[in-house]
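Just so we're clear, the structure is a prediction, and the values are computed from it rather than from any experiment. A, B, ... follow the sequence lines: proteins, then strands. Residue 1 opens every chain.
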Amino acid sequence: MHFNEFDLHDDLLQAVDSMNFQQATPIQEMAIPRILQGKDLIACAQTGTGKTAAYLVPILNSIATHPQEHISTLIIVPTRELAQQIDEQVQGLGYFVNATSIAIYGGTKGPEWDQQRKALTQGADIIIATPGRLMAHMQLGYVRFDQLRHLILDEADRMLDMGFLGDILKIMSQIPAQRQTLMFSATMPPKIRELAKRILQEPEEIQLSVSKPAAGIDQQFYLASDQQKLPLLVHLLKKVNTPSMVLFTSRRSSVDSIVRALGRLGYDAYGISSDSEQSVREVVLRDFKNRKFPILVATDVLSRGIDIDNLSHVVNFDVPRDPEDYVHRIGRTARAETTGTAITFINQDDQPRVLRIERLLETVVEKQAITQQLGLGEAPAFAPRSAKGNGSGDRKRSGKPSSNARSGAPTAARNPDKPAKKRSPRRNRPRKSPSAPTSSAPQDSSPS
DNA sequence: AAAAAAG
């Protein structure tokens with residue numbers, strides 16, 4: 001279905017056109033008409049499917065057709081980077097409708113607080129906020145949501161994981177009951193169902209292939225001890241011409257040491273975690289998106305929703321403890337129906353988690369053991385003790401439980417169906433995000 | 001045994 005088949009305001013069609021949106025993705029095709037009708041919605045969709053535009057387009061349509069003075073839309077998200085990214089999308093799509101927006105989040109030291117207060121008092125069409133900072137403003141009493149018509153909870157399952165339920169309910173208690181509410185969640189656990197029941201009215205429900213990675217991702221598992229991981233990574237990097245790689249690690253404390261180790265090996269890498277200063281987080285992410293350096297080392301702060309064009313690789317330096325996070329991490333690549341490679345290093349301790357991931361994916365991925373032939377010593381054997389978790393006995397065991405050291409052949413673990421069509425959405429953003437400071441590449445990770 | 005978010 002083409003975008004101009006939706007019943008959209010002329011200005012918005014122009015915006016959609018300027019962004020070169022043509023064919024709607026499945027989630028957009030399903031969500032846009034229902035949101036246009038004013039229905040509440042609960043949608044379960046993998047990231048990288050055009051989820052954000054699926055709600056921004058109809059919301060902006062509502063703003064174009066019924067302009068109002070004060071805030072019409074509140075979008076709540078779990079991380080600051082996601083808030084900023086959505087704000088940038090609003091800037092692009094909202095340009096021709098003259099929609100105003102602001103991202104509201106904490107961690108900043110500059111004039112942001114006053115800018116945020118001003119937007120909240122004098123009005124902006126769309127507010128994109130992380131819960132903590134929004135609450136802080138609300139407690140000061142000047143935030144008015146009396147004209148609010150649309151509330152969106154994005155990455156709702158993540159927000160509950162992060163303990164935001166109380167904040168969300170408190171925020172919701174101060175916005176009109178007469179409103180449209182949209183919930184987007186990667187998964188649909190009972191807690192999400194409960195919340196949906198509580199805050200949605202006769203919701204439409206959209207389910208899109210739950211927890212399955214995109215078809216274009218080539219998943220590769222390598223057995224490696226902690227000492228072998230870095231040299232193995234270097235070996236794999238040598239085979240790539242111009243890598244654009246996000247390397248995930250589960251610990252904030254490892255980000256810096258990996259960045260420094262890569263620096264010593266001559267790779268230009270920078271890191272992001274909640275330990276980084278917010279201004280550094282922003283500059284590093286922007287510079288990485290602009291391909292100013294090839295390797296970004298990050299914690300799971302970036303595992304959800306963050307959109308990076310043409311990311312060639314995701315590397316899991318360790319296996320995430322939550323199998324859902326694996327799907328989210330590797331979903332940073334092969335977005336918008338392109339292709340990408342997801343490499344996961346598995347040491348002895350990581351192995352039970354691998355079984356849980358494979359159970360979630362309903363796929364067994366070949367465990368490659370190539371460290372020996374690279375002269376890095378013997379790889380850890382793949383012999384997971386167990387995959388602690390729910391006691392259901394349907395656990396699938398890997399067909400090849402032990403290390404088959406001679407198989408250097410690339411694994412065949414991509415999802416079988418769907419050819420990887422390339423769509424390459426050309427984004428000529430009509431207006432730049434107003435808040436982006438321009439400065440040069442970050443300065444703090446050269447070899448010491 | 002982690003991560004994120006308010007300061």
Side-chain angles (χ1 to χ4, degrees), chain A residues 47 74-86 103-110 112-117 120 127-141 143 153-171 185-187 191 226 246-258 271-282 284-285 296-306 314 316-329 331-332 344 347-354 356-357 385-389:
Chain A
T47 51
L74 173 62
I75 303 172
I76 307 179
V77 297
T79 66
R80 297 164 181 172
E81 278 72 17
L82 197 50
Q84 203 180 30
Q85 177 178 292
I86 294 170
I104 291 193
Y105 53 80
T108 54
K109 287 182 179 148
E112 289 82 2
W113 177 277
D114 284 332
Q115 290 166 6
Q116 294 172 3
R117 182 178 44 77
L120 286 167
I127 302 290
I128 308 107
T130 51
R133 177 56 70 93
L134 180 60
M135 290 279 291
H137 282 290
M138 289 174 76
Q139 274 155 15
L140 295 175
V143 182
L153 303 182
D154 206 346
E155 304 287 354
D157 52 346
R158 174 63 126 211
M159 291 203 284
L160 291 200
D161 284 348
M162 289 166 68
F164 286 155
L165 178 62
D167 286 355
I168 289 171
L169 293 176
K170 207 173 279 177
I171 293 165
S185 188
T187 57
K191 288 198 166 189
D226 286 346
V246 176
L247 194 158
F248 281 107
T249 170
S250 297
R251 287 197 170 77
R252 287 175 292 182
S253 58
S254 357
V255 170
D256 222 38
S257 57
I258 294 173
I272 287 186
S273 78
S274 64
D275 275 352
S276 325
E277 266 201 48
Q278 188 58 30
S279 57
V280 174
R281 281 165 64 163
E282 288 169 21
V284 167
L285 184 59
L296 176 63
V297 182
T299 60
D300 285 307
V301 66
L302 292 192
S303 65
R304 290 220 184 192
I306 298 300
V314 167
N316 294 306
F317 213 66
D318 48 42
V319 183
R321 50 173 24 230
D322 178 359
E324 299 291 345
D325 280 336
Y326 173 81
V327 180
H328 290 294
R329 285 180 178 188
R332 297 315 95 212
T344 301
N347 71 12
Q348 204 73 50
D349 295 341
D350 290 329
Q351 298 188 4
R353 293 181 205 152
V354 172
R356 281 162 46 201
I357 289 168
R385 287 187 304 278
S386 78
K388 284 183 293 187

Using a cut-off of strictly less than 4.0 Å, decide whether [X] has a side-chain nitrogen or oxygen near OP1 or OP2 of [N].
X      : N     : value
A:T130 : B:dA6 : yes
A:T79  : B:dA5 : no
A:R252 : B:dA4 : yes

NZ/NE/NH1/NH2 to OD/OE distance under 4.0 Å, [X] and [Y]:
X      : Y      : value
A:R133 : A:D167 : no
A:E282 : A:R80  : no
A:D300 : A:R321 : no

Considering only B:dA6, B:dA1, B:dA5, which nucleotide approaches the side chain of A:A136 most closely?
B:dA6
If you only use heavy atoms from C-beta on, which nucleotide in B:dA6, B:dA1, B:dA4 is closest to the side chain of A:R281?
B:dA4
To the nearest Å, how far apart are [X] [atom1] and [N] [atom2]?
X      : N     : atom1 : atom2 : value
A:D167 : B:dG7 : CG    : P     : 13 Å
A:D154 : B:dA4 : CG    : C1'   : 15 Å
A:M138 : B:dA6 : CE    : P     : 14 Å
A:L165 : B:dA4 : CG    : C1'   : 16 Å
A:Y105 : B:dG7 : OH    : P     : 12 Å
A:R321 : B:dA1 : CZ    : P     : 9 Å
A:D318 : B:dA1 : CG    : P     : 16 Å
A:M135 : B:dG7 : CE    : P     : 13 Å

Partners passing side-chain hydrogen bond (donor to acceptor under 3.5 Å, both in side chains) against A:S254 (at least two apart in sequence or in another chain)
A:T249
side-chain hydrogen bond (donor to acceptor under 3.5 Å, both in side chains) partners for A:R117, two or more places apart
A:D114
Taking any heavy-atom pair under 4.0 Å as a contact, classify [X]: base, sugar-phosphate, or nothing.
X      : result
A:R133 : sugar-phosphate
A:G107 : sugar-phosphate
A:R80  : sugar-phosphate

